[in-house]
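Single-structure report; data block below.
By convention in this document, chain letters (A, B, ...) are assigned in the order of the sequence lines, proteins followed by strands, and residues within each chain are numbered from 1. Excluded from the calculations below are hydrogen atoms, water molecules and symmetry mates; all remaining heavy atoms, backbone and side chain alike, are included.
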There are 2 protein chains.
Amino acid sequence: MTEQYFGVRPTLEAVAARAGVSRATASRVVNGGTGVRPPLVDKVRQAVEELGYIPNQAARSLVTRRTGAVAVIVAEPETRFFSDPFFSRQIRGISKELAAHDTQLVLLLVEGPDDYGRISRYLTGGHVDGALAFSLHDEDPLPAITRDAGMLTVFGGRPGFPTAVPYVDADNRGGAREAVRHLLSIGRGRIAHIAGPLDQTASTDRLGGYRDVLPEADPALVVEGAFTAESGAHAMAELLARRPDLDAVFAANDLMASGALRVLRERGRRVPEDVALVGFDDMTSVAEATDPPLTTVRQEVEEMGRLMARLLLRGLDQGGAEGPPPASVITPTVLVRRATA
Amino acid sequence: MTEQYFGVRPTLEAVAARAGVSRATASRVVNGGTGVRPPLVDKVRQAVEELGYIPNQAARSLVTRRTGAVAVIVAEPETRFFSDPFFSRQIRGISKELAAHDTQLVLLLVEGPDDYGRISRYLTGGHVDGALAFSLHDEDPLPAITRDAGMLTVFGGRPGFPTAVPYVDADNRGGAREAVRHLLSIGRGRIAHIAGPLDQTASTDRLGGYRDVLPEADPALVVEGAFTAESGAHAMAELLARRPDLDAVFAANDLMASGALRVLRERGRRVPEDVALVGFDDMTSVAEATDPPLTTVRQEVEEMGRLMARLLLRGLDQGGAEGPPPASVITPTVLVRRATA
DNA sequence: TCGCCGGGCGAGAGCGCTTTCGGATCCGCG
DNA sequence: CGCGGATCCGAAAGCGCTCTCGCCCGGCGA
């Protein structure tokens, strides 16, 4: 940019004039430049450079019917969304993928249950080409809203009810199976499970994996937590009271595992000698910081974010809400052996 | 919305036709309705309702030169931004205020130092009317970028170098003075300070407040931390080694205070009897959870976010980057007495 | 030499909206 | 009954861009 015209931003018209071509040709060059002979391409490029031309997005999307932006809808209460690294890493992945495709991220935070109207209006208003959302609870109204708005939407996490929306989720069930099988393989027979909140599919799927491997397990070996360290501690205490003879615990996330670990040690149980412990997520800041370091099931969270964005972008290229919806993706999990099992 | 026309969204033209008025009148009604007689207003309103009309934002901003969106630029590495409740609460405040003014929040996460070009291009591209940014480090290139882009920008936190950009910041210096004075008032004479990273103005300002009250204090009583609990613990240990006789600590945030508290108790110092402790932020999840609960300096973080948005919006109404820049705001802090001092 | 074909380019329409400007209408008053 | 002014409304321009359509021109075969 050799010159800067403050105030009056140059239009395509100005570029065309300076390059001595028509607006149409200038437009062709700006948008890829096919079908224009090299000398003209150079002239236009130079004019763009000299004038510091940047296309007006409003004018462009008025005719293309594309905004180059997607919404990320966050319905989760602030506390959970921001405190849980799970989301932040997913957002980071989304942001990276979108940035790579010159697509903008419009963040829609739902401000309470009365705010869905605004979200709905916004989506219908054509501000964005598509949406990404996190579906976490059984009674989540979001899938219905985005569908009614005719907006292609990819969800993070499997929705809790039968629906055809595309989503990206980790192989929670498979990962849980692997964790429990590992516990079996190291000779444990009385394996407990600290589940997450059972109105979320991530929790029920992990519980499902546990039951797949241990269909005959004592129901008393399963306690529901809330994905927090504190709830993990409580659950552990409860389990110890119910079944003092347990020799292994599979917790549905690392935070709860860390809480459980604390209680186990307070009660004088050696980990992993007396009780083996496996977490889920591989939230490194937690899993590597425990003493001993936590054996856990890793899910590639940032990659899942990228995938969500990629799925959406691809779906958009194939006709948006009218075209065939993208297929959902289940990302693999992997058991990371550290010291607790 | 009694009917829904999927696929073809109704235009203002359609509304006008249905209401039996001109496009101009329909537009007037949609945008406030002044200067149109009630019966016509009603007719148009009804047509809007029946057709489910929603204005096309692209067309609108093409002529008004306003996009109804502002950028929130996050340059901070993911870890800090998402893990620190400070940001999340600020974002929440921003989001609320923007939503109340029908303005959208475009989140720009800076993906590494090479990504500033994209940010700059985006801002210059006229996608947004203004920007909010968090200025945290001395060498932050953001103020220069937004200025060059001719984009009105309000910063969260006082920039670390002399510049005229508008910002919103807590009264860090005053809050620190109050904390230290309180420590004096309860009879403490050897007051240490655990500072934050000194390339951030929040840290230097708090240190400044400490020195305002204690200009003659032993330099050995000040240790730099990193705003994490861990660093607070280290700093506390260091302080104890240097000055075993200290009888009070003012930590530059609650997280460091909680780390310090842990070390104090490990070393057998009673809090507050032997050593009084004051934090900063009033991050309730931390400050109320410590044992004993932490005395700290509260800043109204969410309110600061709202203020940032309000300042920007007002500045935008007054001519944007061309008009007079909004005046910066320093929000008051208040000492919250709990049990540690 | 002529006609035809095809690639390259420009003219112009049109995306959906806001806003100016002038005309119509209605009121009160002389 | 007619006039001035205020009020309300419609015609039309135009925001900056994309993209269709058709023209032009060069090259090639007949």
Ion pair check, [X] and [Y], cut-off under 4.0 Å:
X: A/R118; Y: A/D115; value: yes
X: B/E302; Y: B/R92; value: no
X: A/R66; Y: A/D129; value: yes

TODO: Using modelled atom types only, decide if a donor and an acceptor are shared between the side chain of A/S95 and the backbone of A/G93 within a distance under 3.5 Å.
DONE: no
**Prompt:** Would you find a donor on one side and an acceptor on the other, under 3.5 Å apart, between the side chain of A/T153 and the backbone of A/M151?
**Reply:** yes
[X] has an atom [atom1]; how far is it from atom [atom2] of [N], in whole Å?
X: A/L12; N: C/dG14; atom1: CG; atom2: P; answer: 20 Å
X: B/R28; N: C/dT19; atom1: CZ; atom2: P; answer: 10 Å
X: A/E13; N: C/dG12; atom1: CD; atom2: P; answer: 13 Å

The correct set of residues in residues 19-27 of chain A placing a heavy atom under 4.0 Å from DNA chain C is A/V21, A/S22, A/R23, A/A24, A/T25
Taken to the nearest 0.5 Å, the spacing of B/D169 CG from B/R158 CZ works out to 7.5 Å
When rounded to the nearest 0.5 Å, the distance separating CZ of B/F134 from CG of B/L142 is 10.5 Å
In short, A/T67 meets A/Q57 closest at the heavy-atom pair O-NE2, 3.1 Å
Under a 4.0 Å heavy-atom cutoff, the residues of residues 56-68 of chain B touching DNA chain D are B/L62, B/V63, B/R65
>> Under a plain distance cut-off of 3.5 Å, with no hydrogens placed, do A/N56 and B/R65 share a side-chain donor-acceptor pair?
In response: no
Note: chain B reaches DNA chain D at heavy-atom distances under 4.0 Å over the stretch, first to last nt, 5' to 3', of D/dC8 to D/dG16
Check your understanding: How about B/Y116 and B/V110: do any of their side-chain heavy atoms sit closer than 4.5 Å?
Key -> yes
